[in-house]
Amino acid sequence: MIQESERAEPEGFEPEATRRDADVAESSRANRGWWDRNADEYQVDHGTFLGDDRFVWGPEGLDEVEAELLGPPEDLKGKEVLEIGAGAAQCARWLAAQGARPVALDLSHRQLQHALRIGGSFPLVCADAGALPFADGSFDLACSAYGALPFVADPRLVLSEVRRVLRPGGRFVFSVTHPIRWAFPDEPGPEGLSVSASYFDRTPYVEQDERGGAVYVEHHRTLGDRVRDIVATGFRLVDLVEPEWPAWNSSEWGGWSPLRGSLIPGTAVFVCERD
């Protein structure tokens, strides 16, 4: 059964930002609630950039039409594809238009309500990426554009689950905030260009309520950590894509901007295959 967010924060509530440990259960609970509460604002702010049926890997605007990280579009026809952290399912909708058979999965009930609002003939599933409700070998491909992986305490749990539901030879492509960004302030202007923290500090970023309970959690992995996670869970790393900021993109998205994008990477896209 799909459940609503456990509770809403008081009007005018400002969470306290801190760095502390947050386990699998707390991270999942906090981020489900955060996305349920903020899905409407997120779609208002970013829906135009994302489009209704466009497959974009990150704020730089790298489009799957050109990138072909899942393979040539003509080869997607008939493929069963799992999108993890689908949000309003823009990527799944694009996949369906290519003739694929996508399933859009998200932790947030409210995000999937936006997917229903936009429409589509593919299944929507509200579930945790660390416990995928699918049989072994159910999919040919899996993808995740900034979904799940930045927010989970145990990325190997998610990677193992994705590998389990992929068929032999299946490909999993996922994008996350580029790990180097952890060392810089999350600001789009010049203040975001000076190192302010250790790249090697894996302590999670947590926003918490007045009782100390997490309401948002983001986890950091270095590039080496990501590679080790991929290999340890039985994947082969095929490519690591670091999109450059294109001249046409004048938009700002949180700490992503043309200024920062021209100097330091903002997104890392990992292309993995199951042997």
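Keep in mind that the numbers below use all heavy atoms, side chains included, and drop hydrogens, waters and symmetry copies.
Aromatic ring orientation, Tyr146 versus Trp256: perpendicular (interplanar angle above 60°, classes split at 30° and 60°). Using the six-membered ring where Trp is involved, Phe270 and Phe174 have ring planes that are parallel, under 30° apart on the 30 and 60° scheme. Aromatic ring pairs are classed by plane angle as parallel below 30°, tilted from 30° to 60° and perpendicular above 60°; the pair Trp182 and His220 is parallel. A parallel orientation is assigned to the rings of Trp253 and His46, their planes being inclined by less than 30° (bins at 30° and 60°).
Cluster membership check: Phe139 shares its hydrophobic cluster with Ile84, using side-chain heavy-atom separations under 4.5 Å among Ile, Leu, Val, Met, Phe, Trp and Tyr. Transitive grouping of hydrophobic side chains (ILVMFWY, heavy atoms separated by less than 4.5 Å) keeps Leu116 and Trp94 in distinct clusters.
We find that Glu218 and Arg19 are not joined by a salt bridge, their nearest charged nitrogen and carboxylate oxygen being 4.0 Å or further apart. Using a cutoff of 4.0 Å between basic side-chain nitrogens and carboxylate oxygens, Arg29 and Glu26 are not scored as salt-bridged.
Rounded to the nearest 0.5 angstrom, Leu112 CG and Arg117 CZ are separated by 12.5 Å.
Annotation: Glu244, atom CD; neighbour count of heavy atoms from other residues, nucleotides and ligands within 6.0 Å does not exceed 12.
Separation of the Phe151 and Trp34 ring centroids does not fall under the 6.0 Å cut-off.
Partner of Gln43 under the side-chain contact (heavy atoms from CB on, under 4.5 Å) criterion, out of Gln113, Arg110, Gln90: Gln90 alone. Evaluated for a salt bridge (Lys or Arg N to Asp or Glu O under 4.0 Å) with Arg221, the options Asp229, Asp154, Asp201 yield exactly one hit, Asp229.
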